[in-house]
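One structure is given here, and the rest of the page talks about it.
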Amino acid sequence: MIGSDEKDFIRGGFKADIRSDGRACNDSRPLSLSLGDLQPCSGSARCTLGSTDVIVGVKAELGAPLPDSPDCGGLHITVECSPCAGPTSQGRAGEALSFELAKCLERALNAHPSGRGSALDLRALSIVSGRTCWVLCIDALVLACDGSLLDALSIAVRAALQNTRIPLVEVGATEDPDEEPELELDDDPANAKQVDVSRVPIIVTVCQMDDAFVVDPTAREEEAAEQACHIAVMPTGNVCGMFRGSGAAVTPFALQEMMSLAQKRGPLLLQAVGKSIASAAMSMET
Amino acid sequence: MEFVTPEGLRRDGRRPKELRQLKCEVGVFPHADGSATFNIGNTQVIATVFGPRVADSRGESSTDRAIVKCAYSESHFAAGSRRQRKGRGDRRTAELASTVRKALEETILVELFPKAQIDLGIQVLQADGSVLAACINAAMLAVADAGIPMRDMIAATTVGYLESTPLLDINHTERTGNGPELLLALHVNQDKAIIITEEGAVNPETLEGMAELAEQGCKAVGKFLRQSLLEHIQRHATVRGLTVK
């Protein structure tokens, strides 16, 4: 909670295009990524954006596909607020926030059961049609929240998916189609499959205050701004999802302005993420 | 399964009285008053401390001392197989949280902060045996980082007993052997035990051997924790242009 004086101060900063941490309205905070820290996971990433800190673990598990999409793998997304984030994100408030964040991520990944138009090719996860498939469990943990949580979460999810290796499965031949085929897991990491992340979007949070538009807001700035929008942007710059955060109602003009800002920013951010991932992968090899 | 080879080596190549690799980092989060990570082998725990501050509810607060609260959570991906429902609220979690809370309440000089509350947040990122001991160590480091005065330093370790050998710092694989398990948390300088829990049937002589090994383990961990805290202070002092002797 911040007082009205501090709100005025932050808003004044938006108008003058200089924020309390010295950034201009369209500057973002330093981003750092580290990959593959969690041994029990098929892939993992930790993303810090300023002092927002999230960690995402992806586990590939064998499961059964849903009856109405026998050729698709499964996708589970959960978000949890860690007790480390502080006493304010505990209890019911924290739980509500977790559900909201998980829902937003799910929508951004467009986990449609048919797999069509989805950010992830769920068909690639199928092993035996209608019987066995890979289920990707994406579990995110919020360690510190200082605004732009969805930005950090989406970056970490993308990086963790890129880091994920799914073991190769060989399906034994069966004469009777009703018979359960034998599955053989290949332990060799060299043969493991990667997940195609070329269509996985990242989410850009934009805040509005009068005619100032602010990207990557801190928690205080999110509170002081008139309203916040979370916009999911594909690597091409196309918008593939949009969620309105807290605050007052938004005018169509402001909405358009925010969209175009997000469309410009998304690919730039993705480039930065790509670089971070590459350097994290380099440091892992050495 | 054979847990100790005739040559006296364990499944991960350690000797019976050998700890796994220890790693810790103090002051990892700027948003908390104190924070630390503690790794022992593949077990990885983060602890944060908020406070001391005015207690949330007057009913729970005490006029002559601070109260300590502990929130514990194990991530979905912590263990080998993904847990469907992590339990904040299940009994195991509640017990772990209350054990950590008790250990710290015994150690912090709570009588210095009447009507106050100290919040501990414990997050287990990876669980590979000796989780509770790691939680206690991490919490102690975080409290020290917050600058909250303590009676003494705590160090905790777990000792198992398999194939008539006491094993220090058992990992997840060794836990599946279902042998007796002893957790010891020690005030290292005063040489006093603050938490002892033992699970599984064991005869008195064996227990004595296990306790002795646990004590040695605690002292080794305590030495490491002390060294890490000193290094942390040294770094801070250098940054601020002070000299520490």
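Letters A, B, ... are given to chains in the order of the sequence lines, protein chains preceding strands, and every chain is numbered from 1. As a basis for the values below, the full set of heavy atoms in this structure was taken, side chains included, without hydrogen atoms, waters or symmetry mates.
Here B/Ser73 contributes atom OG and A/Glu80 contributes atom CD; the two are 4.0 Å apart, rounded to the nearest 0.5 Å. How far CG of B/Leu125 is from CG of A/Asp37: 9.0 Å, rounded to the nearest 0.5 Å. For the atom pair CD1 (A/Ile138) and CZ (B/Phe77), the distance works out to 12.5 Å, reported to the nearest 0.5 Å.
Taking non-hydrogen atoms and a 4.5 Å limit, the residue list of residues 49-70 of chain B in contact with chain A, ordered by number, reads B/Phe50, B/Arg53. For residues 13-40 of chain B, heavy-atom neighbours of chain A at less than 4.5 Å comprise B/Phe29, B/Pro30, B/His31, sorted by residue number. For residues 138-157 of chain B, an interface with chain A (any heavy-atom pair closer than 4.5 Å) does not exist. Residues of residues 142-149 of chain A lying under 4.5 angstrom from chain B, judged on non-hydrogen atoms, are A/Leu143, A/Ala144 in numerical order.
Side-chain atoms of A/Gln39 never come within 3.5 Å of backbone atoms of B/Gln126 as a donor-acceptor pair (strictly under, hydrogens ignored).
More than 12 heavy atoms of other shown residues, nucleotides or ligands fall within 6.0 angstrom of atom CD in B/Glu111. The environment of CZ in B/Arg175 is sparse: at most 12 heavy-atom neighbours from other residues, nucleotides or ligands sit within 6.0 Å. Within 6.0 Å of NZ on B/Lys115 lie no more than 12 heavy atoms contributed by other residues, nucleotides or ligands.
Only the backbone of B/Ile122 comes within contact range of chain A, judged by heavy atoms closer than 4.5 Å. At a 4.5 Å heavy-atom cutoff, the contact between A/Leu141 and chain B is made by side-chain atoms alone.
Within the 4.5 Å cutoff, no side-chain heavy atoms of B/His76 are placed close to those of A/Cys137.
For the pair A/Cys84 and B/Gln123, the tightest heavy-atom approach, listed with the atom from each and the gap, is SG-CB, 3.6 Å.
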